[in-house]
Amino acid sequence: MADDPKPEGTPTPESAPAPKPEAPPAEAKPEAAPAEKPAAPAAKPAPKPAAPKPPPVMETEPWEGELPDALKAEFGEQITGFLTYVGQSFLTAQVGAAVPIIQYLKHEWGFDYLVDVTATDDPAKPERFELVYILYSFSRNERIRVKARVKEGDKPPSAVPVHTTADWLEREVFDMFGIEFEGHPNMKRILMPDEWQGHPLRKDYSILGMDQKWVQDNLGIESGQ
Amino acid sequence: MPETFLDSTELVLNMGPQHPSTHGVLRVILKLDGEKVMGTECVIGYLHRGVEKIGENRTYAMFNPYVDRMDYVAAVSNGLGYCLAVEQLLKVEAPPRAQVVRVILTELNRIASHLLWLGTHALDVGALTPLFYCMREREDVMNIYEKYCGARLTTHAFRIGGLIYETYQGFEQECLEFCDKLLPRIDEYEELLTANRIWQKRLVNVGVLTAEECKDYGVTGPMLRAAGVKWDLRKAQPYSGYETYDFDLPTRTNADSFDRYIVRLEEMRQSVRIIRQGVGRLEVGPVMAKVPKVIKPPIGEAYVSIEAPKGELGYYIVSDGSTQPYRVRVRPPSFVNLQSLDKMCRGGLVADVVAIIGTIDIVLGEVDR
């Protein structure tokens with residue numbers, strides 16, 4: 001936005017509206033463009049920033065209501081935020097509090113169905129992984145997410161004692177991201193071969209960077225990449 | 001007490017990965033005491049293609065056909081879930097006509113998926129005939145798809161924002177004809193199977209998973225409804241206008257393989273009801289919403305799930321504002337449901353393992369992704 005008026009403003013104001021704009025010329029031309037200098041830059045940015053200017057951060061709204069209030073009272077500082085985006089509510093918590101929160105939600109609020117456990121990776125951040133637990137309550141017909149950031153090498157507690165579903169889901173997170181869960185009954189790879197090196201869904205794992213040695217040893221082929 | 005004829009110790013037996021009853025490449029390690037199953041362990045991943053990693057390296061539109069390859073038996077449902085998730089991020093909605101066509105095609109797909117399940121499940125349990133009948137009916141659905149978009153299995157029928165193809169001439173007619181034809185055929189299957197003593201002996205009280213256990217294991221879809229939980233995302237959190245259709249959710253209470261069979265048959269009848277209503281609603285109108293050529297959702301994340309034929313199919317998509325998703329997570333129903341295999345098999349017989357794998361209705365393409 002800041003760049004736009006300068007290249008337009010430096011040439012003569014007459015030539016400015018001529019080359020590009022589609023919507024404004026109808027207004028700008030009859031107004032006798034050379035006379036009013038501020039009119040040209042004012043008319044220009046008006047149609048442009050309205051559509052293609054996505055905000056640089058997620059446009060969240062605070063999540064308010066009975067449930068976040070109760071969680072705030074129960075866990076206090078351990079929960080760092082209650083947010084809503086496109087009508088979907090989620091909370092961010094410290095990693096140690098994630099499983100207690102899930103347990104509390106299950107027993108006190110009827111969130112008895114753990115839909116999914118997954119993670120995202122952002123190597124630029126000091127706590128590079130974000131664990132995402134998706135919970136659903138049959139009685140309330142409500143779905144929420146619990147998110148917690150994890151450092152490389154951290155061992156977050158396992159949710160298996162609370163929801164048996166977490167067994168395979170956490171194994172997949174371990175397989176794909178290399179996050180080990182403390183107290184998981186069977187922490188090993190699930191989709192990739194056991195001897196595979198590397199964790200494919202990490203951002204620094206190239207899509208072409210497969211474990212060449214494993215492929216050659218076990219399949220006897222060149223991978224072709 | 002007579003002396004034991006033959007001392008048996010615990011035996012470890014490998015089933016699969018190419019056993020015909022595993023519906024693909026599933027390997028089950030069975031711990032047996034005689035014929036009794038003491039425990040199982042699933043080894044999966046033979047069909048792993050890294051779909052989620054591919055998604056991060058493709059644009060939103062380019063990834064759309066890939067999702068069809070997960071649950072290839074219900075490719076249309078996969079596509080619907082993905083399109084809805086991206087539309088949620090873009091904050092656009094498909095036009096009414098597109099939504100109706102989506103519902104019709106998705107319900108046809110549910111019928112096709114259940115038909116294939118019925119045929120193969122019956123085959124596993126020893127009834128050969130239903131397979132041919134089911135394939136015959138499924139062929140009609142495939143023909144409708146072929147005429148609609150040129151593909152039969154991995155259809156890529158939907159686009160982000162609506163549909164790319166208008167329906168062809170005679171689409172409504174063919175859908176209705178198929179519905180009329182299917183209902184008596186379902187009765188025929190019932191005549192073949194429901195009261196059949198062998199069928200009942202193999203399925204009744206086999207693979208019981210109660211409602212509590214279902215929730216604990218995250219099991220959804222027909223398995224949950226056979227356990228008496230009247231829950232279906234089409235009713236609970238409607239999408240694509242499902243709230244305006246009139247249909248029932250069949251439930252049973254025994255939570256065994258036989259009840260799942262009854263529930264799935266009834267679901268096909270309900271799908272027929274939905275298709276008939278949908279065809280009656282087709283009005284002239286646009287089929288594509290206003291979606292930019294280059295899809296760049298604003299920074300954000302969304303989890304959108306639909307009721308696929310096998311259960312809750314969810315997409316968790318994180319956008320960083322670029323043309324490629326930052327993360328695409330697929331919550332596959334088959335993967336989560338398969339986890340309950342061990343619970344259902346324990347204490348049963350080896351022969352029941354085959355029936356139980358069949359009753360879960362898994363597609364390995366979706367389990368392994």
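A note on names: the letters A, B, ... follow the listed sequences, proteins ahead of strands, and every chain is numbered from 1.
- Between chain B and the options A/T120, A/V115, A/I134, heavy-atom pairs under 4.5 Å are most frequent for A/V115.
- Looking only at distances, no side-chain donor or acceptor of B/K215 sits under 3.5 Å from a matching main-chain atom of A/F138.
- Between atom CG of residue B/D342 and atom OG1 of residue A/T164 there is a gap of 11.0 Å, rounded to the nearest 0.5 Å.
- Taking both residues in full, the closest heavy atoms of A/Y85 and B/P298 are given as OH-CG, 4.0 Å, listed atom of the first, atom of the second, then distance.
- For the set B/E52, B/R327, B/E56, B/E212, the count of heavy-atom pairs under 4.5 angstrom toward chain A peaks at B/R327.
- Considering only heavy atoms from C-beta on, B/L89 stays 4.5 Å or farther from A/V86 through its side chain.
- Interface remark: A/R189 contributes no atoms to any contact with chain B (heavy atom separation under 4.5 Å).
- With a threshold of 4.5 angstrom between heavy atoms, B/F335 approaches chain A through its backbone and through its side chain.
- The interface of residues 175-184 of chain A with chain B, defined by heavy-atom distances below 4.5 Å, comprises A/M176, A/F177.
- At a 4.5 Å heavy-atom cutoff, the contact between B/K91 and chain A is made by side-chain atoms alone.
- Taking OH of B/Y303 as the reference point, atom CD of A/Q88 lies at 9.5 Å (rounded to 0.5 Å).
- From B/D216, atom CG reaches atom OH of A/Y113 across 12.5 Å, with rounding to the nearest 0.5 Å.
- In this structure, A/E172 pairs ionically with B/R369, as a charged nitrogen and a carboxylate oxygen lie closer than 4.0 Å.
- In terms of heavy-atom pairs under 4.5 angstrom with chain A, the leader among B/H48, B/R329, B/Q88 is B/R329.
- Comment: B/E41 engages A/K188 in a salt bridge, judged by a side-chain N to carboxylate O separation of less than 4.0 angstrom.
- With chain B as partner, the option from A/D121, A/V162, A/L114, A/N186 having the largest number of non-hydrogen pairs under 4.5 angstrom is A/D121.
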* Asked: Can B/Y316 and A/V132 be said to form a side-chain contact (heavy atoms from CB on, under 4.5 Å), step by step?
  -> CA-CA 10 Å; B/Y316 174 66; A/V132 183; 3.7 Å; yes
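- The side-chain heavy atoms of A/D122 and B/Y326, taken from C-beta on, include a pair separated by under 4.5 Å.
- Atom NZ of A/K147 has more than 12 neighbouring heavy atoms from other residues, nucleotides or ligands inside a 6.0 Å radius.
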* **Intermediate values then yes/no, ring-ring contact (aromatic ring centres under 6.0 Å, His included), B/W231 and A/Y136** => CA-CA 12 Å; B/W231 186 82; A/Y136 179 80; 5.3 Å; yes
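- Checking side-chain atoms of B/K53 against main-chain N and O of A/P200 turns up a donor-acceptor pair under 3.5 Å.
- Heavy-atom pairs under 4.5 Å with chain A peak, among B/V43, B/V229, B/T220, B/V318, at B/T220.
- Distance CZ/A/R143 to CD/B/E312: 5.0 Å, rounded to 0.5 Å.
- Atom OG1 of A/T60 is separated from atom CD1 of B/I299 by 11.5 Å, given to the nearest 0.5 angstrom.
- To the nearest 0.5 Å, atom CD of residue B/Q339 and atom OG1 of residue A/T165 are 6.5 Å apart.
- Within 6.0 Å of atom CD in B/E243, more than 12 heavy atoms from other residues, nucleotides or ligands are found, so the atom counts as buried in its surroundings.
- Environment of NZ in B/K31: sparse, with no more than 12 heavy atoms of neighbouring residues, nucleotides or ligands closer than 6.0 Å.
- Neither the backbone nor the side chain of B/L47 comes within contact range of chain A, judged by heavy atoms closer than 4.5 Å.
- For A/V160, no part sits under 4.5 Å from any heavy atom of chain B, backbone or side chain.
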